[in-house]
**Student:** 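Got a structure for you, written out below as structure tokens; questions coming shortly.
Model, not experiment: these values are computed from the prediction.
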Amino acid sequence: MDTKSQLLMAVATSNRGLLTRPEESLGIASLVTQLEGRNPTPAPTGRPDLLDGCWRLLYTTSLDVLGLGRLPGVTLGQVYQ
């Protein structure tokens, strides 16, 4: 299985990171690092045009987003940017 498929499987049941245990987070971070190393764009931060579109958040380590999902009575739906 390729790295991208492994990453997608690893985050599939994580509820965007809310349900991820620390050891799972380390594995996900490792897969992300592997994918970053295979990026064919030498300076991706200099190519914002490659990010145009609507993106669905599958996983995050952002406490701002994860904190919303931990509030009583708050259900975090799909997150797009």
Side-chain angles (χ1 to χ4, degrees):
M1 181 182 313
D2 68 344
T3 306
K4 182 177 178 181
S5 296
Q6 289 177 333
L7 178 59
L8 290 172
M9 284 183 57
V11 302
T13 59
S14 73
N15 191 15
R16 285 171 297 288
L18 280 169
L19 305 176
T20 307
R21 295 186 314 262
E23 62 273 11
E24 292 171 321
S25 294
L26 289 174
I28 289 169
S30 174
L31 291 168
V32 169
T33 300
Q34 289 175 47
L35 282 176
E36 287 174 340
R38 295 181 184 152
N39 188 346
T41 306
T45 57
R47 294 290 312 274
D49 58 301
L50 296 177
L51 295 176
D52 286 345
C54 182
W55 294 79
R56 182 169 54 116
L57 178 70
L58 298 179
Y59 178 82
T60 185
T61 57
S62 168
L63 296 179
D64 290 339
V65 175
L66 295 175
L68 292 173
R70 292 188 175 109
L71 293 173
V74 174
T75 302
L76 191 60
Q78 295 296 328
V79 178
Y80 290 89
Q81 63 182 52

**Student:** May I have the list of side-chain donor-acceptor pairs in residues 48-55 shorter than 3.5 Å, sequence neighbours left out?
**Tutor:**
| unit_1 | atom_1 | unit_2 | atom_2 | d |
| --- | --- | --- | --- | --- |
| D49 | OD1 | R47 | NE | 3.0 |
| D49 | OD2 | R47 | NH2 | 2.8 |
| W55 | NE1 | L51 | O | 2.8 |

**Student:** If you link I, L, V, M, F, W and Y whenever their side-chain heavy atoms are under 4.5 Å apart, who else ends up in the same group as M1?
**Tutor:**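 M1 clusters with M9.
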**Student:** Answer yes or no: are there more than 12 heavy-atom neighbours, outside E23 itself, under 6.0 Å from its atom CD?
**Tutor:** yes
**Student:** For residues P44 and T41, report the shortest heavy-atom separation together with the two atoms involved.
**Tutor:** CD-O, 3.3 Å
**Student:** Would you compute the distance between atom CG of L66 and atom OG1 of T61 and round it to the nearest 0.5 angstrom?
**Tutor:**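 Rounded to the nearest 0.5 Å, the CG-OG1 separation comes to 7.5 Å.
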**Student:** Taking the side chain from T33 and the backbone from A29, do they hold a donor-acceptor pair closer than 3.5 Å?
**Tutor:**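 Yes; judged by distance alone, with no hydrogens or angles, the pair exists.
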**Student:** How many angstroms lie between atom CD of E36 and atom OG1 of T3, to the nearest 0.5 angstrom?
**Tutor:**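 Rounded to the nearest 0.5 Å, the CD-OG1 separation comes to 12.0 Å.
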**Student:** Under the 3.5 angstrom rule, does the side chain of R16 hit a backbone N or O of Q78 as a donor-acceptor pair?
**Tutor:** no
**Student:** Hey, what else clusters with I28 if you join Ile, Leu, Val, Met, Phe, Trp, Tyr whenever side-chain heavy atoms sit under 4.5 Å?
**Tutor:** L7, L8, V11, L31, V32, L35, L58, Y59
